[in-house]
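In what follows, a structure is listed as structure tokens, so that the remarks can point back to it.
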Amino acid sequence: MNNSVQCRRLVGKTAIVTASTDGIGLGIAQRLGQEGANVVISSRKQKNVDAAVEKLKAKGLKVVGITCHVAKAEDRQKLQKLYEHAEATFGGIDILISNAATNPTMGAVLDCEESAWDKIFEVNVKASYLLAKEVLPYFNKKNGGKIIFVSSVGGYHPSELLGAYSVSKTALLGLTKAAAIQLAKDNIQVNCLAPGIVQTKFADALTSSEVARSEALFRIPLNRFGTPSDMGAAVAFLASDDANYITGETIVVAGGMASKL
Ligand code: NAP
């Protein structure tokens, strides 16, 4: 993680980051906090939330946490209570980062079982749409806000091993465009991050064995895996006023891997 961040672009802002007790989400939460934001972190397990809150507080960051499985309506209601709490404590909500995803199956898209397909789309796409929809009243009270969805390079170039997951990530590119157009009049910018291969638990299969590592690195011109702080840096830019004239875009942070033109 990058501990030498000098920018303070998010002082006075409050950010909600889903799936943020580990991996990319934690890297994003840390960077937003380092830039001065109050950060609300969340994930499914209380012990992970407690550990991440402690870790970020130990770095002097302003952070609160709550459990939230993004695909459970009752958990999202809890998040809504937290939106209210964040509003009362920090004076409003300015930034939503929808980062949670699942991939319960490996294989080509049409080999995917219907139940796995439903789960992938429920967590990766439907929960992102619902979280964005549910945060709008809070943004409207502040006359604006930023939404950032976390997609993947797989959304541009479907991986054969991650067929259905890749399609769900393509859907987020479309959600970004459509919501950006709808919300432009409300001064809400909607953008997206497409990570390449980032060394987290999620990407274990691609990064843990020597054979898999060298095959994966072969596809990365910069010849290294991404880090959560690489992702945090791009998201902090999109969440800041420096990106006020950018909406409906996806930033690919993938070390030069094949993606869009
Ligand atoms: P990760 O390391 O596996 O992170 C998992 C985090 O998500 C943990 O905090 C976990 O905590 C939480 N989580 C898992 N399922 C959740 C759910 N249903 N609701 C709420 N929280 C949940 O994953 P990652 O690699 O950081 O991936 C983050 C995002 O980046 C995903 O959208 C993924 O598709 C995308 N991405 C990753 C890569 C990569 O190479 N790593 C590449 C492209 C895109 P709990 O267990 O406590 O819930």
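In each ligand, atom 1 is the first atom listed, and ligand 1 is the first ligand listed. Counting from 1, the numbers follow the sequence of the chain as shown. Atoms considered below: every heavy atom in the structure, side chains included; atoms not considered: hydrogens, waters and symmetry mates.
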Do any nitrogen or oxygen atoms of Val70 come within less than 3.5 Å of a nitrogen or oxygen of ligand 1?
yes

Taking all atoms of both residues into account, what is the closest heavy-atom pair of Thr247 and Ala180, and its distance?
OG1-CB, 3.4 Å

Ligand-residue contact atoms, ligand 1 with Asp22, heavy atoms, under 4.0 Å
8 (C), 9 (O)

Closest non-hydrogen protein atom to atom 45 (P) of ligand 1, residue and atom name please, with distance?
Ser43 OG, 3.4 Å

Within the side chain of Asn191, is there an N or O that forms a donor-acceptor pair under 3.5 Å with the backbone of Ile246?
yes

Side chain, backbone, both or neither: which part of Ser42 has a heavy atom under 4.0 Å from ligand 1?
neither

Looking only at protein heavy atoms, identify the closest one to atom 24 (P) of ligand 1 and say how far it is in Å.
Thr200 OG1, 3.6 Å

Take every heavy atom of Ala71, measure it against each atom of ligand 1, and state whether any distance is under 4.0 Å.
no

Please say whether Val198 places an N or O atom under 3.5 Å from an N or O atom belonging to ligand 1.
yes

Looking only at side-chain N and O atoms, does Asp118 offer a donor or acceptor that is under 3.5 Å from a partner on Ser115?
no

Just jot down the ligand 1 atoms closer than 4.0 angstrom to any heavy atom of Cys68, in number order.
19 (N), 20 (C)

Quick test: of every protein heavy atom, which one is nearest to atom 12 (C) of ligand 1, and how far off is it to 0.1 Å?
Ala19 CB, 3.6 Å

Is it true that Asn187 and Lys146 share a donor-acceptor pair across their side chains at a distance under 3.5 Å?
no

Contact between Lys169 and ligand 1, counting heavy atoms under 4.0 Å?
yes

Just to confirm my output: which protein heavy-atom neighbour is closest to atom 42 (C) of ligand 1, and how far is it?
Gly196 O, 2.8 Å

Nearest heavy-atom approach of Leu32 to Ala15 is CD1-CB, 3.7 Å

Looking only at heavy atoms, is any part of Asn48 under 4.0 Å from ligand 1, and if so is it the side chain, the backbone, or both, or is it neither?
side chain

the protein heavy atom lying closest to atom 32 (O) of ligand 1 turns out to be Asn99 O, 2.7 Å

Of the backbone atoms (N, CA, C, O) and the side-chain heavy atoms from C-beta on, which set of Gln199 has a member under 4.0 Å from an atom of ligand 1: side chain, backbone, both, or neither?
neither

Could you identify the single nearest non-hydrogen protein atom to atom 9 (O) of ligand 1 and state the distance to 0.1 Å?
Thr21 OG1, 2.7 Å

Does Leu173 belong to the same Ile/Leu/Val/Met/Phe/Trp/Tyr cluster as Ile188, with side-chain heavy atoms less than 4.5 Å apart forming each link?
no

Sub-4.0 Å protein heavy atom near atom 5 (C) of ligand 1:
no

Arg9 with Glu35: basic N within carboxylate O range, under 4.0 Å
yes

How close does the nearest protein non-hydrogen atom get to atom 44 (C) of ligand 1, and which residue and atom is it?
Ser151 O, 3.2 Å

If you measure from each heavy atom of Val150 to ligand 1, is any distance below 4.0 Å?
yes

For ligand 1, note which part of Ala194 has a heavy atom under 4.0 Å away: side chain, backbone, both or neither.
neither

For Lys141 and Leu136, indicate whether the former's side chain and the latter's backbone hold a donor-acceptor pair under 3.5 Å.
no

For the student: nearest non-hydrogen atoms of Asp94 and Thr14, plus distance:
OD2-N, 2.8 Å

So that I can tick it off, tell me whether Arg31 and Asp230 are bridged by a salt bridge, with the cut-off set at under 4.0 angstrom between side-chain N and carboxylate O.
no

How about Glu122 and Asn124: does a side-chain donor come under 3.5 Å of a side-chain acceptor?
no

Any donor-acceptor pair under 3.5 Å from Ser20 side chain to Ser42 backbone
yes

Ligand 1 atoms nearer than 4.0 angstrom to some heavy atom of Gly23 are 2 (O), 26 (O)

Out of Leu193, Val153, Ile24, which one pairs with Val253 under the side chain to side chain contact (heavy atoms under 4.5 Å, CB included) rule?
Leu193

When you measure from atom 33 (C) of ligand 1 to every protein heavy atom, which one gives the shortest distance, and what is it?
Tyr165 OH, 3.5 Å

Which atoms of ligand 1 have any heavy atom of Ile197 under 4.0 Å away?
40 (O)

